[in-house]
> 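The following block contains the structure, expressed as structure tokens.
Every chain is numbered from 1, with letters handed out A, B, ... down the list of sequences.
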Amino acid sequence: MSDRRYEPKQIEPRWQELWAREGTWEVANDPGDPGAVQKSYVLEMLPYPSGEPHIGHLKNYALGDAIAHFHRRTGHRVLHPMGYDAFGLPAENNAIKTGVHPRVATDRSIAAYRHWFHRWGISIDWSREFGTHEPSYYRWTQWIFLQLLERGLAYRKEAAVKWCPYDQTVLANEQVIDGRCERCGHLVELRQLEQWFLRITAYADRLLDDLDTIDWPEHVKAMQRNWIGRSEGAEVTFRCEALGIDYAVFTTRPDTLFGATFFVMAPEHPDVFKLAAGTEYEAQVHDYVNRVLGESVEERGAADKPKTGAPLGRTVTNPVNGEQIPMFVADYVLMEYGTGAVMGVPAHDQRDYEFARAQQLPIRTVVAPPGTDDVPADRAFTAHTDDERLVNSGQFSEMDAVSGREAIVAWLDREGAGHASVNFRLRDWLVSRQRYWGCPIPVVYCDHCGLVAVPEEDLPVRLPEVEDYQPRGRSPLAAAEDWVNTTCPTCGGPARRETDTMDTFVDSSWYFLRYCDARNDAAAWDRRVLASWMPVDQYIGGVEHAILHLMYARFFVKALADMGLVDVQEPFQALFTQGMILGSDGNKMSSSKGNVVAPSAIVERFGADAARCYILFVGPPDQDAAWSDSGLEGVHRFLSRLWRLGDELGGDPGSVAQPPDPSGDALTLVRKANWAIDKVTDDMRGRFAFNTAIAAVMELVNEIYRYPGADPSARRFATATAASLVFPFAPHLGAEVYERLSGRRVWDEPWPDADPQMLVADTFELVCQVNGKVRDRVTATTGAPREELERLALASRGVRSHVDGHQVAKVIVVPGKLVNVVVR
RNA sequence: GCCCGGGUGGUGGAAUUAGGUCAGACACGGUCGCCUUAAGAGCGACUGCCCUUUGUGGCAUGAGGGUUCGAGUCCCUCCCCGGGUACCA
């Protein structure tokens, strides 16, 4: 046995240099002959370059790399590129703090990331690398924006938008978490501002329906479904006779229409002051609305907050019964959802109930279980049963709730007072940001021509240099006067550039398309090239992007498909969401807790292979796992053992083929090697069971140690097999050991096939049970008939002693496995 | 509240896809041994719990029921933990 030591520091750089020099992982575009060799596009979410990569990145790329290697060696042309999501607030905030230009800090960080990806041995096609902040990339981001603008999918609108007072910019709904800015945690305010939106709501139905066509984790689909929030119901018109205006409301419960005893509008509703004007409540309404609009989004959103509101002094007509019901303004009604007004049905809605109690409004039950006409008002909306029927509902009374609902909607339709309707929770995507470090929006404002798109040939609109990035509620770009003042592309007169930049999620909504044709200067991509790679076959990243990035990217692809620019409906055919690596204390890593594990330190000490293998071995990759130094050492020990086998057996390269007709210990080793091939292959194919795959290779290595005297050809075969199987997880060591034994490059070798003859033994251990309890085990011949197995079991000592004195009721035989004797 | 996950040794986890091999692979930690002047590294053995019957013994996969010859795995009820989301009418 060798007593030399495994030194990853000597092994790993050698392979890294070779892969870099030879461009081993580069793959050419070959749109001419799609299908000749099966393609596989393996992609990890691109990193946001900030400082140095952390342990989560190592996990992400170790996972993707294992899949990429496995696909390559199972006969696929694999596209596995890398880039950087380089625009964004953190770099800009850092610039404000340190005075370092965001471009400088970002480029520095990109260099660090690039260095570590090499050092980790990730098999990346570096010929396609880019950063989203490069003009050669954002030129096409702007181009896509113009395509959206041309089709009305990008538009400007004044709306009550979420504003972060700290970052001094507006935010998308998706970027507000519990009423706070997801970046800085400050309470978000509502402001009435004109902003740029992308019309993602036009795709709500397809974004929802097409979830059924993709292979994503169920919980991610569920989150997207919730976020899209499709509700079926009806729109019903209530007329305010005094002003002669019709107000529509959306309801999911048209069956409760007869129970509407009041009508409520959102404080932001444009008609609120008009309605109250001249009534005795005018001053009260002004006070109330002003107070509510000054509240933060969080205060406003608290669910347990008591219901408040003010009467408007007007009534509307309930279309089904002609009743005049009073109008109110109340902050529990949201302007952004539905029509900004609701009918109040206190008997069948918790919120309406609370409001009715606060305002002392009547509560009328209109849906009740059979045999009851009136349900206690405080319980009416909780207990719903299938056999409920309508009561106090005029001509619809006594109908069951389901057909009553349909009948009421049909009646409304006939009378022109309403119709069936579907509502979505999803809102349009607010994409403009009043910040510096982002992609400029390529439009100008001309006094004569109004809003004018920058012509394609003038792209990119370059981000100007500015001295001061400090956010002041308007974009820092506005200070670059030379840049802002331009000429109108249409009339040639003076014009001003748009000074807002785009949300960085725009940049990352199409980067996976650009990788396919990254060096194309004439277009964002060649459609044929795109068709040869898309969709991404396996996408890998954190769940934190379940809604934002993953929804936006799906929207972009659908919009681009409608323009005839791409040929797929979904960008990511399969998605894998990885769990986090937690600190050794089980908490999320953070510098304040002092539990941060830096990948650089681990790789320095134990090598990239050990770090990568450990992260994959510690548990199922979709689960969170706590970091453990001793666990890492255990994996390092395993790799050392494999290395020493290579050192011992690999003096002069030769055959590593499976030896013919092995017997004795050699047969045991050959069987174990084939078992490991079968197990690892199975764990990798479709599943992501890297932890058990690595465990299987460990078992194989342990077995080789157990039989030091076995025939050397069998030991060489088993060791080379272990190296070949471990290569996707520990590429340097796998390549090293395989080369020592065979003289060949393991990545050029096809993935091994298990020899079916070696997967089954001649005999097996027959489990003998009595009443379901194991009482004996005997050796039986593989493929023996049932009668034979039954006879063996009944004859076994353990079974005889438990059957003795009882009557055998029946005997269950599971061929190849067990016999269960049932006795009374 | 609603929607997803998940509860298995001292620890991370395996077995859950089709119910079947005394449940616990692999690894960490622990105990002991070999080697060594010593330490380290390495190698090897043992390691779920219980027992005044140490036995081809009993118990055991969050709790309680059920289906079955047989349940960690399937069904019902409940408890606990994690994540997402929430005044969406």
> Counting the atoms with a prime plus P, OP1 and OP2 as sugar-phosphate, which does V345(A) contact under 4.0 Å by heavy atoms, base, sugar-phosphate, or nothing?
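Result for V345(A) = nothing.
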
> Is N702(A) touching bases, backbone alone, or none of the nucleic acid, heavy atoms closer than 4.0 Å?
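N702(A): backbone/sugar contact only, no base atoms under 4.0 Å.
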
> Regarding rU56(B), can its base be found pairing with the side chain of R797(A) as donor and acceptor, where the two atoms are less than 3.5 Å apart?
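Yes.
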
> Students often get this wrong, so: under 4.0 angstrom with heavy atoms, is G229(A) touching a base, only sugar-phosphate, or nothing?
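If one applies the 4.0 Å heavy-atom cut-off, G229(A) turns out to touch nothing in the nucleic acid.
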
> Kindly say whether S628(A) contributes a backbone atom to a donor-acceptor pair with the side chain of Y614(A) at under 3.5 angstrom?
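Yes, Y614(A) side chain to S628(A) backbone: donor-acceptor pair under 3.5 Å.
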
> Name the closest nucleotide to the N226(A) side chain, picking from rC87(B), rC3(B), rA27(B).
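For N226(A), the side-chain atoms sit closest to rC3(B).
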
> More 5' along RNA chain B: R637(A) or T252(A), using each one's nearest nucleotide?
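This one resolves to R637(A).
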
> Assign each of M698(A) and R775(A) to its nearest nucleotide of RNA chain B by heavy atoms, then name whichever residue's nucleotide is nearer the 5' end.
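The residue closer to the strand's 5' end, by nearest nucleotide, is M698(A).
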
> Below 3.5 Å between N/O atoms, which protein atoms pair up with nucleotides 8-13 of chain B? Just atom names and distances, please.
from: rG12(B); atom 1: O2'; to: V618(A); atom 2: O; distance (Å): 2.8
from: rG13(B); atom 1: OP1; to: Q623(A); atom 2: OE1; distance (Å): 3.3

> Nearest to the side chain of E699(A) - rA25(B), rA89(B), rC43(B)?
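From the listed options, rA25(B) comes nearest.
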
> Any protein N or O atoms within reach of nucleotides 33-36 of chain B? Criterion: under 3.5 Å, listing atom names and distances.
none

> Over all strands shown, is R427(A) touching base, sugar-phosphate only, or nothing at heavy-atom distances under 4.0 angstrom?
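Result for R427(A) = base.
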
> Using a 3.5 Å limit on both distances, find every run of at least three consecutive Watson-Crick or G-U pairs that involves RNA chain B.
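Consecutive-pair runs (3 or more) involving RNA chain B: B:1-7 with B:79-85, B:10-12 with B:26-28, B:29-34 with B:42-47, B:48-50 with B:57-59, B:62-66 with B:74-78.
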
> According to a strict under-4.0 Å criterion, is K810(A) in side-chain N/O contact with OP1 or OP2 of rC69(B)?
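Checking K810(A) against rC69(B): at least one side-chain N or O falls below 4.0 Å of OP1 or OP2.
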
> May I have the distance from Y705(A) (atom OH) to rA41(B) (atom C1'), rounded to whole angstrom?
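Taking atom C1' of rA41(B) as the reference, OH of Y705(A) is at 12 Å.
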
> What distance, rounded to whole Å, do you find between the two P atoms, one in rG10(B) and one in rC51(B)?
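Taking atom P in both rG10(B) and rC51(B), they lie 15 Å apart.
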
